[in-house]
Participant: 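I am attaching a structure below and will ask some questions about it afterwards.
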Amino acid sequence: MSAQQHVIFFADVSGSTRLYEKEGDVVAHQCIVDSLERMRIAIERAGGRVVETIGDELMATFVQPVDAARAAADIQSDFKLRPSRTGHMMGIRIGFHYGPVEYDASNHPFGDSINTAARVVALAQSGQVVFTEAALKGDARSIPFDIRPFVKTFVKGKAEPLSTYELIWDVEEATSIF
């Protein structure tokens, strides 16, 4: 089977450890489950596929970067405006990468692109969407949002520095920070 060019997308609930400490296991778990479900809905609405959830993080795939960008913006907007069912405002950090992806017999992606995307989400802060330069070489230039260079940095497992960009999904917030 040959590799296909796809987007690997990670979304992670920020501050979940603190939430478990503050609110206890039952309430925190409800917040995480609710958050993952809200993210799944936005991902599927944008044409993505949730591959798996691991604790408070999910991994999804998209065919095109523009669809991943739309899902990311929808997720961030939703979480900025609406609390979880337990009344907690949750922060989400998102990262994605576009590159060659192999799939095993159960249609689960594997390979270097998954590792790269995992490193990218680790660069993001709560409320941010960060993606690699490779996504710009896909169709991300057609995304209906502004983007700005984020950071060029070495990440674990890569010999060359990785160039990343930030999706400006909330123009009001970006302007006030600037």
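Heads up: numbering here begins at 1 and tracks the sequence. Below, each value reflects all heavy atoms present in this structure, side chains not excepted, and no hydrogens, waters or symmetry copies.
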Participant: Could you list the donor-acceptor pairs under 3.5 angstrom formed between side-chain atoms of residues 13-23 and any protein atom two or more places apart in sequence or on another chain?
Facilitator:
residue, atom, partner, partner atom, Å
Ser16, OG, Asp56, OD2, 2.4
Glu23, OE2, His88, NE2, 3.3

Participant: Can you tell me how far OG1 of Thr53 sits from CD of Glu37, rounded to the nearest 0.5 angstrom?
Facilitator: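 Separation between the atoms: 10.5 Å.
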
Participant: Under the rule for side chain to side chain contact (heavy atoms under 4.5 Å, CB included), what residues qualify as partners of Ala118, not counting sequence neighbours?
Facilitator: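 With sequence neighbours excluded, Ala118 shows a side chain to side chain contact (heavy atoms under 4.5 Å, CB included) to Phe10, given in chain and number order.
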
Participant: Residues in salt bridge (Lys or Arg N to Asp or Glu O under 4.0 Å) with Arg82, at least two apart?
Facilitator: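 Applying salt bridge (Lys or Arg N to Asp or Glu O under 4.0 Å) to Arg82 gives Asp78.
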
Participant: Could you give me the CA-CA distance, side-chain angles and deciding distance for Asn107 and Val51, then say whether side-chain contact (heavy atoms from CB on, under 4.5 Å) is met?
Facilitator: CA-CA 9 Å; Asn107 205 26; Val51 175; over 6 Å; no

Participant: Does a side-chain heavy-atom distance below 4.5 Å link Ser84 with Gln30?
Facilitator: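 The answer is no, as the side chains (C-beta and beyond) never meet within the 4.5 Å cut-off.
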
Participant: Any idea which heavy atoms bring Arg93 and Val121 closest together, and the distance?
Facilitator: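 Nearest pair, atom of Arg93 first, then Val121: NH1-O, 3.3 Å.
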
Participant: For Phe79 versus Met39, what's the shortest heavy-atom pair and its separation?
Facilitator: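 Heavy-atom minimum between the residues: CE1-CG, 3.9 Å.
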
Participant: Enumerate the residue pairs fulfilling ring-ring contact (aromatic ring centres under 6.0 Å, His included) with a member in residues 30-54, sequence neighbours excluded, ordered by first and then second residue.
Facilitator: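 Qualifying pairs: none.
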
Participant: Taking salt bridge (Lys or Arg N to Asp or Glu O under 4.0 Å) as the cut-off, I'd like each qualifying pair that reaches into residues 121-131, sequence neighbours left out, listed once.
Facilitator: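 Every candidate salt bridge (Lys or Arg N to Asp or Glu O under 4.0 Å) pair involving residues 121-131 fails, so no pair, neighbours aside, qualifies.
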
Participant: Under the rule for side-chain hydrogen bond (donor to acceptor under 3.5 Å, both in side chains), what residues qualify as partners of Ser35, not counting sequence neighbours?
Facilitator: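 For Ser35, no residue satisfies side-chain hydrogen bond (donor to acceptor under 3.5 Å, both in side chains) once neighbours in sequence are set aside.
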
Participant: Side-chain contact, heavy-atom cut-off 4.5 Å: Ile168 with Arg148?
Facilitator: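 Counting from C-beta outward, Ile168 and Arg148 do come under 4.5 Å.
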
Participant: Quick one: closest heavy-atom pair of Leu167 and Ala69, and the distance?
Facilitator: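 Reported closest heavy-atom pair: CD2-O, 3.7 Å.
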
Participant: Decide yes or no on side-chain contact (heavy atoms from CB on, under 4.5 Å) for His108 and Met59, but give the supporting numbers first.
Facilitator: CA-CA 10 Å; His108 193 281; Met59 178 175 63; 3.8 Å; yes

Participant: With a 4.5 Å cut-off on side-chain heavy atoms, are Ser113 and Pro100 touching?
Facilitator: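 Yes; the side chains approach each other to less than 4.5 Å.
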
Participant: So which atom in Cys31 and which in Thr86 form the shortest heavy-atom distance, rounded to 0.1 Å?
Facilitator: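 Looking at all heavy atoms of both residues, the shortest contact is SG-OG1, 2.7 Å.
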
Participant: Please output the side-chain donor-acceptor pairs of residues 122-130 that fall under 3.5 Å, not counting sequence neighbours, one pair per line with the distance.
Facilitator:
residue, atom, partner, partner atom, Å
Gln128, OE1, Gln125, N, 2.7
Gln128, NE2, Glu166, OE2, 3.3

Participant: Show every ring-ring contact (aromatic ring centres under 6.0 Å, His included) that has at least one partner inside residues 26-69, sequence neighbours left out.
Facilitator: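 Passing the test, one end in residues 26-69: Phe9-Phe62.
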
Participant: Tell me, please, which residues at least two apart from Pro83 pass side chain to side chain contact (heavy atoms under 4.5 Å, CB included).
Facilitator: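 With neighbours one apart ignored, the set is Met89.
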
Participant: Please check if atom CD in Glu52 has more than 12 non-hydrogen atoms from other residues, nucleotides or ligands closer than 6.0 Å.
Facilitator: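 Yes, the 6.0 Å shell around CD holds more than 12 heavy atoms from other groups.
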
Participant: Which value, rounded to the nearest 0.5 Å, describes the distance between Ile43 atom CD1 and Arg38 atom CZ?
Facilitator: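 It comes to 13.0 Å.
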
Participant: Compare every heavy atom of Pro65 with every heavy atom of Val7, then report the nearest pair and how far apart it is.
Facilitator: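 That closest heavy-atom pairing would be CG2-N, 3.4 Å.
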
Participant: Could I get the full list of salt bridge (Lys or Arg N to Asp or Glu O under 4.0 Å) partners for Arg85, not counting sequence neighbours?
Facilitator: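 Once residues adjacent in sequence are excluded, the partners of Arg85 under the salt bridge (Lys or Arg N to Asp or Glu O under 4.0 Å) criterion are Asp34.
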
Participant: Taking the side chain as C-beta and beyond, is there a heavy-atom pair between Asp170 and Gln76 under 4.5 Å?
Facilitator: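 Asp170 does not reach Gln76 side chain to side chain.
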
Participant: So if you build clusters from Ile, Leu, Val, Met, Phe, Trp, Tyr with side-chain heavy-atom gaps below 4.5 Å, do Val50 and Ile41 land together?
Facilitator: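 No, it is not one cluster - the side chains of Val50 and Ile41 are not joined through contacts under 4.5 Å.
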
Participant: Testing Tyr103, Phe96, Tyr98 for ring-ring contact (aromatic ring centres under 6.0 Å, His included) with His6, which one passes?
Facilitator: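 Among Tyr103, Phe96, Tyr98, the one meeting ring-ring contact (aromatic ring centres under 6.0 Å, His included) with His6 is Tyr103.
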
Participant: Quick check on side-chain contact (heavy atoms from CB on, under 4.5 Å): which of Ile8, Asp112, Thr61 does Val101 satisfy it with?
Facilitator: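 For Val101, the side-chain contact (heavy atoms from CB on, under 4.5 Å) test succeeds with only one of Ile8, Asp112, Thr61, which is Ile8.
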
Participant: Quick one: list whatever passes side chain to side chain contact (heavy atoms under 4.5 Å, CB included) with Glu44, sequence neighbours left out.
Facilitator: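 Here the qualifying residues are Arg40.
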
Participant: Return the set of residues passing side chain to side chain contact (heavy atoms under 4.5 Å, CB included) with Arg119 (not counting sequence neighbours), or none when no residue passes.
Facilitator: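 Applying side chain to side chain contact (heavy atoms under 4.5 Å, CB included) to Arg119 gives Val155, Lys156.
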
